[in-house]
Structure formats: C-alpha cells, structure tokens
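All figures in this text were calculated on a predicted structure; none of them were measured in a lab.
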Amino acid sequence: KLQFLYFIGKGGKNMSPGRFNFFVVTDVTNMDEVISRLKSGDLDAGLIDPSLVISLFALRVAAHTAVGALSRNKLKTSNINSEVLYTLSPSRTISQAYGTFGPKKGSKALIFGSYSEDPEPVAMQKLSDYIASVVDGKICDIESLTRFTDTDGIRKIYKIKDEELRIGTLEDAIVSKISTRL
C-alpha cells in the first residue's frame with residue numbers, strides 16, 4: 001500500500017484532509033471484467049498499467065498534480081481517480097491516456113488507486129476490501145511496483161532521447177514531464 005495525504009481547500013478555509021491510497025494487484029484473472037466495469041463507470045477507482053510507471057515518486061507527482069487540479073476545480077477527467085492516470089500521460093487526449101496507461105486485456109497486474117477523505121486505517125481497509133470484491137488477484141505492497149517497469153516502453157511513450165539521459169535519470173525526465181504538464 002502507498003498513501004499520500006493532502007488537504008484541499010482555499011486559503012486555509014474549508015480544508016478537508018484526503019488521501020490517495022494505492023495498491024499493486026498481481027495475478028489478476030478477471031481483467032476483462034475489471035476493464036468492463038471501469039468503462040461502465042461502475043468502479044470508484046483509478047486503474048493504471050504498472051509497466052508504465054517509472055517509480056513511486058512519479059506516481060506521487062501525478063497524484064499531487066491531480067489533487068491540485070481538484071482544488072482549483074480544473075479536473076480534465078470525470079473524477080480525481082482517473083485524473084492521476086491522465087496526469088501520468090504525455091498526451092493531452094483523455095482517451096489516448098486511458099488507452100496507454102489504463103489496464104490492458106490479458107494483463108495480469110494493475111495499480112489500483114482511490115482518493116478518500118476517510119481516516120487512514122478506515123480508508124486503507126475500505127480500499128483493500130473494495131479491491132478484493134472487484135478483482136480476482138493478489139494485493140501486493142506498492143513497493144513491488146518496480147518489478148513491472150518496462151523502461152523501453154516508458155522511453156517510447158514519453159519520447160525520451162539519449163541526450164536527456166546524459167543529464168539525468170529516466171525518472172528525472174519522466175517526473176519533469178509530468179510536473180510541467182499543467
């Protein structure tokens with residue numbers, strides 16, 4: 001599990017604590033059903049292909065950017081959960097972001113994330129129970145994320161050139177692109 005805590009409000013007024021909670025789910029056997037439920041709007045979660053997330057830090061930057069959009073009432077997608085997926089994408093087209101960073105049919109792993117204003121233990125347990133009711137798979141610690149990373153695929157999607165990697169890491173390049181995409 002991974003959790004990022006945020007306070008949303010304007011000028012210190014009406015501040016409400018919220019948090020993103022993320023889990024990696026592996027050995028998924030009902031991905032087609034999960035994708036169908038996601039497309040029908042039946043899931044209150046963001047589902048992300050873990051092979052295209054370079055690091056936990058990049059996921060945190062995307063979550064932070066999504067929360068910023070929510071606090072400014074500037075979401076580009078229908079909800080805060082899908083905004084994280086959209087924020088990860090270098091494309092400004094929502095459907096292309098979903099197609100690239102969303103879960104794929106036949107895939108056996110996904111990142112399952114959800115924004116909640118519940119207290120920490122309640123939010124984590126609710127999300128864990130919710131995942132278990134939706135996905136036939138194994139809930140793993142988010143720290144296992146890097147074992148799914150496809151660096152060649154990530155370089156291709158973000159159009160990272162060798163020159164960029166001479167002055168920084170692949171993570172640096174991706175985080176820079178995510179954080180400056182406003």
Side-chain angles (χ1 to χ4, degrees), residues 1-4 6 8 18-56 58-70 73-118 122-142 144-150 153-154 156-158 174 178 181:
K1 67 186 177 187
L2 177 69
Q3 185 176 86
F4 306 129
Y6 296 96
I8 298 179
R19 59 193 42 81
F20 264 108
N21 301 290
F22 294 98
F23 287 91
V24 172
V25 185
T26 62
D27 303 323
V28 177
T29 59
N30 66 332
M31 189 66 80
D32 291 352
E33 177 189 337
V34 171
I35 292 170
S36 177
R37 289 185 68 180
L38 179 68
K39 287 181 179 178
S40 72
D42 189 33
L43 291 183
D44 184 22
L47 305 182
I48 302 168
D49 177 353
S51 70
L52 300 177
V53 178
I54 190 68
S55 66
L56 295 176
L59 185 60
R60 183 177 188 144
V61 169
H64 181 77
T65 303
V67 168
L70 175 67
N73 293 318
K74 299 279 186 185
L75 291 178
K76 304 265 196 264
T77 66
S78 59
N79 63 61
I80 184 71
N81 296 320
S82 59
E83 193 77 12
V84 174
L85 181 143
Y86 176 72
T87 302
L88 282 168
S89 175
S91 171
R92 295 224 182 253
T93 307
I94 294 170
S95 62
Q96 188 173 356
Y98 282 117
T100 303
F101 284 85
K104 313 288 185 295
K105 288 188 177 195
S107 178
K108 298 293 182 196
L110 57 83
I111 298 171
F112 201 106
S114 184
Y115 183 79
S116 172
E117 292 183 359
D118 290 328
V122 173
M124 295 305 285
Q125 188 60 52
K126 275 186 179 178
L127 183 58
S128 180
D129 292 346
Y130 184 59
I131 293 169
S133 74
V134 172
V135 181
D136 295 332
K138 180 181 168 193
I139 299 173
C140 298
D141 192 303
I142 194 75
S144 67
L145 174 68
T146 55
R147 80 175 212 225
F148 300 100
T149 303
D150 174 8
I154 290 171
K156 182 179 178 183
I157 288 168
Y158 285 98
I174 302 304
I178 291 170
R181 189 173 167 258

Heavy-atom closest pair, residues [X] and [Y]:
{"X": "L52", "Y": "T100", "result": "CD1-O, 3.1 Å"}
{"X": "M31", "Y": "K105", "result": "CG-CA, 4.5 Å"}
{"X": "L47", "Y": "L38", "result": "CD1-CD2, 4.0 Å"}
{"X": "S89", "Y": "Y158", "result": "N-OH, 4.5 Å"}

Please report the interatomic distance [atom1]([X]) to [atom2]([Y]), rounded to the nearest 0.5 Å.
{"X": "S116", "Y": "L127", "atom1": "OG", "atom2": "CG", "result": "8.5 Å"}
{"X": "K126", "Y": "I131", "atom1": "NZ", "atom2": "CD1", "result": "14.0 Å"}
{"X": "I178", "Y": "I54", "atom1": "CD1", "atom2": "CD1", "result": "9.5 Å"}
{"X": "K76", "Y": "E83", "atom1": "NZ", "atom2": "CD", "result": "7.5 Å"}
{"X": "F112", "Y": "S128", "atom1": "CZ", "atom2": "OG", "result": "10.5 Å"}
{"X": "K104", "Y": "S51", "atom1": "NZ", "atom2": "OG", "result": "6.0 Å"}

Would you confirm whether [X], through its side chain, and [Y], through its main-chain N or O, come within 3.5 Å as a donor-acceptor pair?
{"X": "S36", "Y": "D32", "result": "no"}
{"X": "S107", "Y": "A109", "result": "yes"}
{"X": "D136", "Y": "N30", "result": "no"}
{"X": "N81", "Y": "Y115", "result": "yes"}
{"X": "Y130", "Y": "D44", "result": "yes"}

Could you check whether any side-chain heavy atom of [X] comes within less than 4.5 Å of a side-chain heavy atom of [Y], counting everything from C-beta outward?
{"X": "L59", "Y": "V84", "result": "yes"}
{"X": "F20", "Y": "I80", "result": "yes"}
{"X": "I111", "Y": "F101", "result": "no"}
{"X": "Y86", "Y": "Q96", "result": "no"}
{"X": "V24", "Y": "R147", "result": "no"}
{"X": "V61", "Y": "I174", "result": "no"}

Among side-chain atoms of Y98 and S82, is any donor-acceptor pair under 3.5 angstrom?
->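 Yes - a donor-acceptor pair under 3.5 Å links their side chains.
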